Peer 1: 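Sharing a structure below in structure tokens format, with a few things to ask.
Here is how names work: the chains are called A, B, and so on, in the same order as the sequence lines, proteins then strands, and each is numbered from 1. Hydrogens, waters and symmetry mates play no part in the numbers below; they use all other heavy atoms, side chains included. The structure presented is a predicted model; accordingly, all values stated were derived computationally and were not measured.
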2 protein chains.
Amino acid sequence: MTYCVGMRLNNGLVFMSDTRTNAGVDNISSFCKMRTFSEPGERFITILSAGNLATTQAVISKLEERNKAPEDRAPSIMEAPTMFQIARLVGDMLKETIAENAMTGQRADAAFNATLILGGQIKGSEPRLFLVYPEGNFVEASDDTPFFQIGETKYGKPILVRAFEPDMTWEQATKLLLVSFDSTIKANLSVGLPLDLQVYETDTLQQGLRRRIAADDASYHAISNGWGTALKSAFDSLPDIDLNN
Amino acid sequence: MTYCVGMRLNNGLVFMSDTRTNAGVDNISSFCKMRTFSEPGERFITILSAGNLATTQAVISKLEERNKAPEDRAPSIMEAPTMFQIARLVGDMLKETIAENAMTGQRADAAFNATLILGGQIKGSEPRLFLVYPEGNFVEASDDTPFFQIGETKYGKPILVRAFEPDMTWEQATKLLLVSFDSTIKANLSVGLPLDLQVYETDTLQQGLRRRIAADDASYHAISNGWGTALKSAFDSLPDIDLNN
């Protein structure tokens, strides 16, 4: 499993992903699930991936045109004029990669499926955030649904739904993501530290803060421990109920 | 889907279940998923069910021996000398019922599977709480895992893990269950009000408080609305993080 979240804030975009991959519970590894594509001053793009690791790595490799010699590469993701076109490109690449594996008659215990979160900005347009499905189609974040989750989404959703605000600062957004990831990590062994954080500030058109949050990260520990206590206090602050009426 | 929780407290047992059943999102109904068997002064048993409704209703009917005339019924669930034997009985009944449907070549979009929570007390023994699997086997709650969830368990788990205390009062336990159910109802359309609550106090050997919590229940609204605010305050109370170091 995996857990990744992409959020659209008033100030820009924030992304967080875990790094655990697993084939069964007895075979776990650590892989970064966050890729960025950047041409400073012109565009900045982040892709988060959940699902079959071979599929998502193949998609990223194709997007980077790694089948060509470095000097011949001109990735379309760096040329496409709009984020919408990039979403179509990424969606098509994803659908084709899944189909290639499926159609050669290969079998796997798990499906070859994968789901992506794609976000970024191209000069002259607004920042945009998409959820790309294994079928190659996609949906865009809106004011009604300003964030997307992929992978193990359920444990960490209630706090996102309740505490998300579009005018959060980067610090507040990171704190919210850490709480959501902490709830998930505590409940599902297949989601694990370290976490990757990427902040993109609107109109900077370059990679903003990128940080890896490891198991010994002091902020993570403060949030994780503090959240247990805070949740207990929140619970205690609820009005009493009367069972006898 | 469904959401049911059974908890073992120092004072006894508490059970809560929702009432929504669905075959697709366009075909929902309301069914009680909580059954009790009682012989005052001798035993009190509660069963919560999640999964195929035809399966769980058939299991309950068999346990009540509804294939016999009312005057001929002597349900083994009311005769078995221990809760462990009752768990075996219920597990066997569940496994057989699932197998009957599967082996007659019937097909359904959803499986015939079901999972049960079984709790109660027989005079002279402690109250006991079991989770009964579709395979007919079962596990018992312990100090390490003092509650069981069945159905849509993920959304409502983080708060149970963080706020459960074995010495909670009935009011506190009900409040905790309401928060857990509220988080689930807000996230999954296939879990819905009204909720059924059953409290069993150790050594009373009779049905304790039973209450139906409907959509217009004042306590539920106070908890549901209060929880949003409390969660926001809890989140705000977390230590600030510094993204720049």
Peer 1: Calculate, to the nearest 0.5 Å, the distance between atoms CZ and OG1 belonging to F31(A) and T21(A) respectively.
Peer 2: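 That separation rounds to 5.5 Å.
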Peer 1: What residues of residues 187-209 of chain A sit under 4.5 Å from chain B when only non-hydrogen atoms are counted?
Peer 2: L197(A), L209(A)
Peer 1: Find out whether R212(A) and C32(A) are in side-chain contact, i.e. whether some heavy atom of one side chain is under 4.5 Å from a heavy atom of the other.
Peer 2: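 They are in side-chain contact.
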Peer 1: Where along residues 159-167 of chain B does a heavy atom come under 4.5 Å of chain A, listed by residue number?
Peer 2: I159(B), R162(B), A163(B), E165(B)
Peer 1: Working to the nearest 0.5 angstrom, can you tell me the gap between Y3(A) OH and Q149(A) CD?
Peer 2: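 So the gap between those two atoms works out to 4.0 Å.
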Peer 1: Under 4.5 Å, counting heavy-atom pairs only, tell me which of T174(A), V179(A), D236(A) racks up the most with chain B.
Peer 2: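 Answer, by heavy-atom pair count under 4.5 Å with chain B: T174(A).
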Peer 1: Using a cut-off of under 4.5 Å on heavy-atom pairs, state which of E152(B), K157(B), K154(B) scores highest against chain A.
Peer 2: K154(B)
Peer 1: If you tally heavy-atom pairs under 4.5 Å against chain B, which of D240(A), L176(A), L178(A) wins?
Peer 2: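 Of D240(A), L176(A), L178(A), L176(A) has the most heavy-atom pairs under 4.5 Å with chain B.
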Peer 1: Take L177(A) and V14(A) through the test side-chain contact (heavy atoms from CB on, under 4.5 Å) and record every step on the way to the result.
Peer 2: CA-CA 9 Å; L177(A) 286 167; V14(A) 194; 3.6 Å; yes
Peer 1: Between atom CD1 of I98(A) and atom CD of E135(A), what is the distance when rounded to the nearest 0.5 Å?
Peer 2: 7.5 Å
Peer 1: Measuring from S219(A):OG to R211(A):CZ, what's the distance to the nearest 0.5 Å?
Peer 2: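 Output value for this atom pair is 4.5 Å.
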Peer 1: Is there a side-chain contact between N113(A) and N52(A) in this structure, where contact means two heavy atoms from C-beta onward sitting under 4.5 Å apart?
Peer 2: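 No, every pair of side-chain atoms sits at 4.5 Å or beyond.
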Peer 1: Please determine which of D18(A), T19(A), T56(A) meets the side-chain hydrogen bond (donor to acceptor under 3.5 Å, both in side chains) test together with K33(A).
Peer 2: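 Between K33(A) and the candidates, side-chain hydrogen bond (donor to acceptor under 3.5 Å, both in side chains) is satisfied uniquely by D18(A).
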Peer 1: Just how far is it from atom CD1 of I241(B) to atom CD1 of I223(A), taken to the nearest 0.5 Å?
Peer 2: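 The distance works out to 5.5 Å.
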Peer 1: So how far is it from L116(A) CG to L94(A) CG, rounded to the nearest 0.5 Å?
Peer 2: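 Atom-to-atom, L116(A):CG and L94(A):CG are 5.0 Å apart.
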Peer 1: Strictly below 4.0 Å, N to O, side chains only: are D182(B) and K186(B) in salt-bridge contact?
Peer 2: yes
Peer 1: Name the one of L131(A), T145(A), V132(A) that satisfies side chain to side chain contact (heavy atoms under 4.5 Å, CB included) with V139(A)?
Peer 2: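 Result for side chain to side chain contact (heavy atoms under 4.5 Å, CB included) with V139(A): L131(A).
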Peer 1: Give, as side chain, backbone, both or neither, the part of S233(A) having an atom under 4.5 angstrom from any heavy atom of chain B.
Peer 2: neither
Peer 1: So for K175(A), is it side chain, backbone, both, or neither that comes closer than 4.5 Å to the heavy atoms of chain B?
Peer 2: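 For K175(A), backbone and side chain are both near chain B.
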